[in-house]
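This report refers to the structure that appears directly beneath it.
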Amino acid sequence: MSIKSFFAKQFAKKVYEKTQKWAKNPVETQEKVFKNLILEAKETKFGKDHNFSQIKSFSDFAKQVPVRDYEALKPYVDKVVKGEENILWKGKPLYFAKTSGTTSGAKYIPLTKESMPFHIEAARNAILHYIHETGNADFVSGKMIFLQGSPILEEKNGIKLGRLSGIVAHFVPKYLQKNRMPSWETNCIDDWETKVDAIVEETFDKDMTIISGIPSWVQMYFEKLKQKGGKPVGEIFKNFNLFIYGGVNFEPYRAKFENLIGRKVDSIELFPASEGFFAYQDSQKDKGMLLLLNAGIFYEFIKAEEFYNENARRYTIGEVKLGVNYVLIISTNAGLWGYNIGDTIQFTSLKPYRVIVSGRIKHYISAFGEHVIGKEVEEALKEAMGNSNVRVNEFTVAPQITPKDGLPYHEWFIEFENEPENMDDFILKIDNAMRKQNVYYDDLIVGNVLKKLVITKVSKNGFQEYMKSIGKLGGQNKIPRLSNDRNIADKLK
């Protein structure tokens, strides 16, 4: 055991014990976070506008602060972007994480001196929990890579801005700098395809032990490595044993990854966003990710089926139940209040509180009242693939409301690496899995409102070409699993 591995195990034990203290007292932990947030922000413009000085309980808060998305909070954010102080949080933010918006164009999410450390600590602690549980720390002496956006930052009214992953690159601890790949110069390459090629050249002969990134883009990296080396990634990087990912469900990619790597490797799932680092997988044995209740974020939960109802009930951590689809609402020490991040989650455990990401509240199909969510299509595809040799590179699903003939249907656009031997049988397996999960979908099939789903094959690299065509190739961008319209579907056609 190296000295580095020894100290990593000792540090991991301390972090695990610290985590247990707040994880075993979830309600008290969240109450403490809530009170601190209100106290710290009561003299801000937002705090004064919403009577923070009179708020004594969550009930008071819910009456004063409505649930908002970015567009609704934008008048306040615009003032922060202009350089005004004490608007959403005390002083000015350290950074803006710039993300793609919807109706409002680019979104500027504030990162403060209070919120920024939690982004760094959470990613670190995820690895330390893995070390503590498995006893495996040998990888800390090897090279590690995170496929991320450029660390080059712009400046707006004295505040630096960039992609979250690029901002985080400035906070990599010194003890990891020597191990971290790729080089700063390569990381600054803006064109994604050029960047991945450069990363392949730079890492090909290195002892890579940890690889991290969104699965779809790591897959591109692995394919180029395999093409260059003429052998599986696991033979090129003999000590590569840990894959860290976030942003999408890994299950649809798992079989393809094992084929590219040539063997199984452990994985850690993360739930980061520009708005906060919400959860990480703290155990290889238990399903779900540990919800971070002490990270400067106060959580609320609204049942997805009730979300668009007027005065939908807002639940706190002590009131949630297993298996219910909730919209995640946050208030943070970066100045987001009653903020809808757009993600839906389900609890897999209440002791401690663990979650899975079930989809996006805006990414669903309910053209006929079926309200299909991301988790359902991912589970159905996983079940249909089973132990077969079917490999899927990417997929998305959209409704076909006005077919040329026959009943409407759900159209699955799938880019296969290995196609099923019997496509009709594969379709039936997916359809049956969907019907088991979603009673509304089943009723529509039984009632001859919908016919069985249709699969449309997408040519190799078709999804990459689509993302490139809309200027979102690489980085933290990802294909929506579901759309309630045909915008993506028609372009893929």
### Query
Is a salt bridge present between Glu251 and Arg254, judged by a nitrogen-to-oxygen distance below 4.0 Å?
yes

### Task
List in chain and number order the residues that pass side-chain hydrogen bond (donor to acceptor under 3.5 Å, both in side chains) with Thr332, two or more places apart in sequence or in another chain; answer none if no residue qualifies.
none

### Query
By ring pair (Phe, Tyr, Trp, His ring centres under 6.0 Å), which residues pair with Tyr466, not counting sequence neighbours?
none

#### Entry: More than 12 heavy atoms from other groups under 6.0 Å of NZ on Lys382
no

### Those residues that, when tested against Trp412, pass ring pair (Phe, Tyr, Trp, His ring centres under 6.0 Å) (two or more places apart)
Phe395

#### Entry: Output field: ring centroids Tyr326/Phe307 closer than 6.0 Å
no

### Query
Does the side chain of Trp89 pick up a donor-acceptor pair with the side chain of Glu114 at under 3.5 Å?
yes

### Query
Just checking, any donor-acceptor pair under 3.5 angstrom between side chains of Tyr95 and Thr112?
no

### Listed partners of Asp190 passing side-chain hydrogen bond (donor to acceptor under 3.5 Å, both in side chains), at least two apart
none

### Task
Assess the pair Tyr353 and Phe347: is the distance between their ring centroids shorter than 6.0 Å?
yes

### Summary
Contacts of Asn25 meeting side-chain hydrogen bond (donor to acceptor under 3.5 Å, both in side chains) (sequence neighbours excluded), chain-then-number -> none

### Query
In this structure, are over 12 heavy atoms from other groups packed under 6.0 Å from Lys160 atom NZ?
no

### Query
Got a sec, which residues hit ring pair (Phe, Tyr, Trp, His ring centres under 6.0 Å) with Tyr245, two or more places apart in sequence or on another chain?
Phe243, Phe250

